[in-house]
*Asks:* 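The structure that follows is given in the form of structure tokens.
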Amino acid sequence: MHIHKKDLIATIKLNAEEINLDTANQLLKDPTLKPCHIIIHLEGVTDLDEEQLDALFYLSEMVRAEGEHSFVVVYEHYNPDDFPEELIACPTLQEALDIIEMEEIERDLFDD
């Protein structure tokens, strides 16, 4: 696992073995991630099983429940049919950054 933080965005690179509930809970307990939008970058991961998708969905739900932060999965083999509708995913890091920016704009609009 590699975590890179810039501004209020934490990009977390995970390999296939790290996509599980233990890792999700470890990340949720990290106080330095609480104020951040989260990007999970699955660099080098070629296939996701149901258990891994469940772990990503759980992490997404917990991050979103704790505050107004975005959670996006970057998966270069992304196919919308393979992901739960509630889990936001895209194939590139730039798209993830764009999604976070759009969600921030939406939050600002609805806060007014």
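If you're wondering where the values come from, they're calculated on a predicted model, not measured in any experiment. Every heavy atom of this structure was used, including side-chain atoms; hydrogens, water molecules and symmetry mates were not.
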*Asks:* Applying ring-ring contact (aromatic ring centres under 6.0 Å, His included), can you list everything that pairs with Y58, at least two apart in sequence or on another chain?
*Replies:*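 For Y58, no residue satisfies ring-ring contact (aromatic ring centres under 6.0 Å, His included) once neighbours in sequence are set aside.
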*Asks:* Around atom CD of E101, are there more than 12 heavy atoms from other residues, nucleotides or ligands closer than 6.0 Å?
*Replies:*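 No, CD of E101 has 12 or fewer neighbouring heavy atoms, counting only those of other groups under 6.0 Å.
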*Asks:* Identify the two heavy atoms, one from A16 and one from V45, that lie closest to each other, and give their separation to 0.1 Å.
*Replies:*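 Looks like N-CG2, 3.7 Å.
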*Asks:* Within this structure, what is the CZ-CG distance for the pair F71 and L87, rounded to the nearest 0.5 Å?
*Replies:*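 Atom-to-atom, F71:CZ and L87:CG are 6.5 Å apart.
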*Asks:* Report the C-alpha separation of D22 and Q26 in whole Å, then their side-chain angles, then the decisive distance to 0.1 Å, and conclude whether the side chain to side chain donor-acceptor pair (under 3.5 Å) test is met.
*Replies:* CA-CA 6 Å; D22 289 337; Q26 179 183 354; over 6 Å; no
*Asks:* Is it true that a side-chain atom of E86 and a backbone atom of F57 form a donor plus acceptor pair closer than 3.5 Å?
*Replies:*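 The answer is no, because no donor-acceptor pair under 3.5 Å joins these two groups.
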*Asks:* Would L27 and I38 count as a side chain to side chain contact (heavy atoms under 4.5 Å, CB included) here? Give the steps.
*Replies:* CA-CA 10 Å; L27 292 170; I38 304 292; over 6 Å; no
*Asks:* On a heavy-atom basis, which atom in N20 and which in T23 lie closest, and how many Å separate them?
*Replies:*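 Heavy-atom minimum between the residues: OD1-N, 2.8 Å.
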*Asks:* Quick one, V63 and L28 - any side-chain contact, counting heavy atoms below 4.5 Å?
*Replies:*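 Yes - at least one pair of side-chain heavy atoms lies under 4.5 Å apart.
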*Asks:* Mind checking the CG-CD1 spacing from D98 to I100? Nearest 0.5 Å is all I need.
*Replies:*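 Reported value, rounded in 0.5 Å steps: 9.5 Å.
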*Asks:* Hey, are the side chains of F83 and Y75 touching, using non-hydrogen atoms and a 4.5 Å cut-off?
*Replies:*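 Yes; the side chains approach each other to less than 4.5 Å.
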*Asks:* Let me confirm one number: the CD1-NZ distance from I39 to K13, rounded to the nearest 0.5 Å.
*Replies:*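 Spacing of CD1 (I39) from NZ (K13) equals 11.5 Å.
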*Asks:* So, do T92 and E76 sit near enough that their side-chain heavy atoms are less than 4.5 Å apart?
*Replies:*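 Of all side-chain heavy-atom pairs linking E76 with T92, none is under 4.5 Å.
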*Asks:* Quick check: closest heavy atoms across H69 and P35, and the distance to 0.1 Å?
*Replies:*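 The pair with the smallest heavy-atom distance is NE2-O, 3.1 Å.
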*Asks:* To the closest 0.5 Å, what do you measure between CG (D30) and SG (C36)?
*Replies:*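 Going from the CG atom of D30 to the SG atom of C36 covers 8.5 Å.
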*Asks:* For a side-chain hydrogen bond (donor to acceptor under 3.5 Å, both in side chains) with S70, tell me which candidate from E103, E104, R64 qualifies.
*Replies:*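 Testing each of E103, E104, R64 against S70, the sole residue satisfying side-chain hydrogen bond (donor to acceptor under 3.5 Å, both in side chains) is E103.
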*Asks:* For residues L59 and A24, report the shortest heavy-atom separation together with the two atoms involved.
*Replies:*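 Minimum heavy-atom separation between L59 and A24: CD1-O, 3.7 Å.
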*Asks:* Evaluate the side chain to side chain contact (heavy atoms under 4.5 Å, CB included) criterion for residues I3 and L33: first the C-alpha distance (whole Å), next the side-chain angles of each, then the deciding distance (0.1 Å), finally the verdict.
*Replies:* CA-CA 10 Å; I3 300 173; L33 296 176; 4.2 Å; yes
*Asks:* Can you confirm whether I12 sits close enough to H2 that some side-chain heavy atom of one is under 4.5 Å from a side-chain heavy atom of the other?
*Replies:*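 They are not in contact (no side-chain heavy atoms under 4.5 Å apart), so the answer is no.
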*Asks:* Taking M62 as the starting point, is it possible to reach L8 by hopping between hydrophobic residues whose side chains are less than 4.5 Å apart?
*Replies:*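 In one cluster with L8: M62, no.
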*Asks:* Report yes if some heavy atom in the side chain of I88 is under 4.5 Å from a heavy atom in the side chain of V73; otherwise report no.
*Replies:*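 No. Closest side-chain heavy atoms not under 4.5 Å.
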*Asks:* What distance do L42 atom CG and L56 atom CG have between them, rounded to the nearest 0.5 Å?
*Replies:*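 So the CG of L42 and the CG of L56 are separated by 6.0 Å.
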*Asks:* Other residues, nucleotides and ligands only: do more than 12 of their heavy atoms fall within 6.0 Å of CD on E51?
*Replies:*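 Result for CD/E51: open.
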*Asks:* Roughly how far, to the nearest 0.5 Å, is NE2 of H41 from CG of L14?
*Replies:*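 Going from CG on L14 over to NE2 on H41, the span is 10.5 Å.
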*Asks:* Applying salt bridge (Lys or Arg N to Asp or Glu O under 4.0 Å), can you list everything that pairs with K34, at least two apart in sequence or on another chain?
*Replies:*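 K34 satisfies salt bridge (Lys or Arg N to Asp or Glu O under 4.0 Å) with E66 once adjacent residues are dropped.
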